[in-house]
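Please read the structure below before turning to the comments.
Keep in mind that the numbers below use all heavy atoms, side chains included, and drop hydrogens, waters and symmetry copies.
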Amino acid sequence: MRSLFSQPRQALNDFNSIEAERRRIQYHLIFLIGAFFLAAFAMASYINLRYEVAYFLSGSLLAAIGINLFVLKTENHKIAAWLYSTVMLVQVVYLIISGGVEATGPLWTYPIVVIIISLLGHLHGYFLSLFVIALLSVLLGFGDDYGLTPQYSETFKIRFIATLFALSWLVWSLEYSRAKAAALLNGLNKQILDISRRDQLTGLLNRRGLEENFNSEVNRSLRVNQSFSLALVDIDDFKAMNDRYGHLLGDEILKQIANLVQSQIRNIDTLARWGGEEFAILLDKSSLADAVYIADKIRKAIQDLDREQSLISERITISIGVAEYQPGQSMLELFDAADNALYLAKRCGKNCVRTTEDVARENGRPDLSLV
């Protein structure tokens, strides 16, 4: 349960969370302002012995308090918006029929229409406001003939409906333009986030993007009780290629290798550029043995790259280190395990795949990552 001035439970790191926070503040501010006026006028009505109005306003205040408590408990602002609007619709009908104090009750329809459109948005809010205007037109047009409403003048009726319609149209235009601007900002925000998660050269995910996918993969693994694996890929002797052919051609080699690796993995796997000439692959639903099979397929595909397709005359090879995720492992711990396996692959002559089990055997001790 949160108050108006409490801090958000999580960082406002995307547009949707910011919009949700804006709506939370909006609902509570509307409640506070509305509760103030309802309480003030209910008290004034009691003092002036207008008990019917006082009872109605007090009931409206209790309803608003109940809705606000519902929002504080559930944070379901969508349902709360409709509940608030329903209460205000009842208020409008009562004020038109009763006339309020000296037939000034209809004037409170103006702020109510503004609130309805603000709460429900430019689409639902505007249609509900049109329904309110149509209902009021019927009541004002025929109500006095049947004794339902006070005797409002014809001039008042026409001007009231016209100004109410003009106000609703104006508020709709403001809410519509706000919603369109919000949609544009949301699109730009998504583009910025995507750029921040992508490697500029290869178009693959970068470390940040991979970390987000890793967290999702861990949650999925815990939920379905199925592990996954990580493969670290390093292009053999890439520094020598860069020195011999230049950085521009080196960049083209990186892009070619990235595309080739991407073509060898499944749609459920995640490929990222880890840094320099190193790539990382999150292999979904893969045991260590499954990951080794996929990794060796990648290694062979690059080793067997056609000379006509290759950007340089000598053969390009890669070394791969593979580790299987163990419950409780952090991302750094899993990458450290895979990095040790990659280092072993380099020491074993390159152009090969090594795993955490190989590292454990090399060191003459059990593979603790599998415990």
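Here the rule is side-chain contact (heavy atoms from CB on, under 4.5 Å) with Phe279, and of Asp199, Val261, Leu204 only Leu204 fits it. Partner Phe56 forms a ring-ring contact (aromatic ring centres under 6.0 Å, His included) with one of Tyr94, Phe41, Tyr51, Tyr46 and no other, that one being Tyr94.
Ring planes of Phe335 and Trp274: parallel class, angle under 30° (limits at 30 and 60°).
By the criterion of side-chain heavy atoms lying less than 4.5 angstrom apart, applied directly or through intervening Ile, Leu, Val, Met, Phe, Trp or Tyr residues, Leu62 is not grouped with Leu95; the two fall into different hydrophobic clusters.
Remark: Phe156 CZ is packed, more than 12 non-hydrogen atoms of other residues, nucleotides or ligands lying under 6.0 Å away. For Tyr245, the OH atom counts as densely surrounded, since its 6.0 Å shell holds more than 12 non-hydrogen atoms of other residues, nucleotides or ligands. The environment of Arg220 atom CZ is dense: over 12 non-hydrogen atoms of other residues, nucleotides or ligands sit within 6.0 angstrom. No more than 12 heavy atoms of other residues, nucleotides or ligands lie within 6.0 Å of OH in Tyr293, so this atom counts as exposed by the packing criterion. More than 12 heavy atoms of other residues, nucleotides or ligands sit less than 6.0 Å from atom CG of Asn219.
A donor-acceptor pair is defined here as one N or O able to donate and one able to accept, closer than 3.5 Å; such a pair exists between the side chain of Ser227 and the backbone of Tyr325. Although no hydrogens or angles enter the test, the distance criterion places no donor-acceptor pair under 3.5 Å between the side chain of Lys285 and the main chain of Gln226. Of the possible polar contacts, none joining the Asp339 side chain to the Asp336 backbone as a donor-acceptor pair under 3.5 Å is found. Checked by atom type and distance alone, the side chain of Asn259 pairs as donor or acceptor with a backbone atom of Lys255 at under 3.5 Å. Here the side chain of Arg273 pairs a donor or acceptor atom with the backbone of Gly276 at under 3.5 angstrom. Looking at Tyr152, its side chain does come within 3.5 Å of a backbone N or O of Ile96 through a donor-acceptor pair. At least one donor-acceptor pair closer than 3.5 Å links the side chain of Ser286 to the backbone N or O of Asp284. Here the side chain of Asp237 pairs no donor or acceptor atom with the backbone of Ala240 at under 3.5 angstrom. Here the side chain of Tyr84 pairs no donor or acceptor atom with the backbone of Leu119 at under 3.5 angstrom. Without hydrogens or angle criteria, Asn206 side chain to Arg208 main chain gives a donor-acceptor distance under 3.5 Å.
Taken to the nearest 0.5 Å, the CG atom of Asn267 stands 8.5 Å off from the CD atom of Gln262. The structure places CZ of Arg299 at 8.0 Å from CD1 of Ile318, a figure rounded to the nearest 0.5 Å. In this structure, CD1 in Ile257 is found 4.5 Å from CD1 in Ile316, a value given to the nearest 0.5 Å. To the nearest 0.5 Å, atoms CH2 (Trp172) and OG (Ser118) are separated by 14.5 Å. Note: Asn242 CG to Leu254 CG = 7.5 Å, rounded to the nearest 0.5 Å. One finds the CE atom of Met88 at 8.5 Å from the CG atom of Leu128 (value rounded to the nearest 0.5 Å).
When side chains are defined from C-beta on, Asp269 does not count as touching Leu271, because their heavy atoms never get closer than 4.5 Å. With contacts defined as side-chain heavy-atom distances shorter than 4.5 Å, the pair Leu344/Arg347 qualifies. Leu135 is listed as a side-chain neighbour of Val93, based on a closest heavy-atom distance under 4.5 Å. Inter-residue side-chain proximity for Glu21 and Ile25 is flagged as met; some heavy-atom pair is nearer than 4.5 Å. Contact annotation: the side chain of Asn340 never approaches that of Thr356 to less than 4.5 Å [non-hydrogen atoms, C-beta and beyond]. Ile253 is not listed as a side-chain neighbour of Glu277, based on a closest heavy-atom distance of 4.5 Å or more. Inter-residue side-chain proximity for Val53 and Ser98 is flagged as unmet; no heavy-atom pair is nearer than 4.5 Å.
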- Does the side chain to side chain contact (heavy atoms under 4.5 Å, CB included) test come out yes or no for Phe228 and Ile268, once each step is laid out? CA-CA 11 Å; Phe228 65 95; Ile268 60 176; over 6 Å; no
- Before giving the answer on side chain to side chain contact (heavy atoms under 4.5 Å, CB included), spell out for Leu205 and Arg198 the whole-Å C-alpha distance, their side-chain angles and the decisive distance to 0.1 Å. CA-CA 4 Å; Leu205 292 177; Arg198 294 282 171 184; 3.8 Å; yes
- Query: Does the side chain to side chain contact (heavy atoms under 4.5 Å, CB included) test come out yes or no for Val71 and Arg24, once each step is laid out?
  - Reply: CA-CA 9 Å; Val71 172; Arg24 182 185 78 86; 6.0 Å; no
- Chi angles and distances behind the side chain to side chain contact (heavy atoms under 4.5 Å, CB included) call for Glu252, Gln256: CA-CA 6 Å; Glu252 292 301 317; Gln256 184 181 44; over 6 Å; no
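Salt-bridge annotation for Lys300 and Asp296: present, with a side-chain N of the basic residue lying under 4.0 Å from a carboxylate O of the acidic one. Between Asp243 and Lys239, at least one side-chain N (NZ, or NE/NH1/NH2) sits under 4.0 Å from a carboxylate O, which counts as a salt bridge. Ion pair Asp236/Lys346 flagged as a salt bridge, since at least one NZ, NE, NH1 or NH2 atom sits closer than 4.0 Å to an Asp/Glu carboxylate oxygen.
Side-chain contact annotation: Asn213 with Ser216, donor-acceptor N/O pair under 3.5 Å absent.
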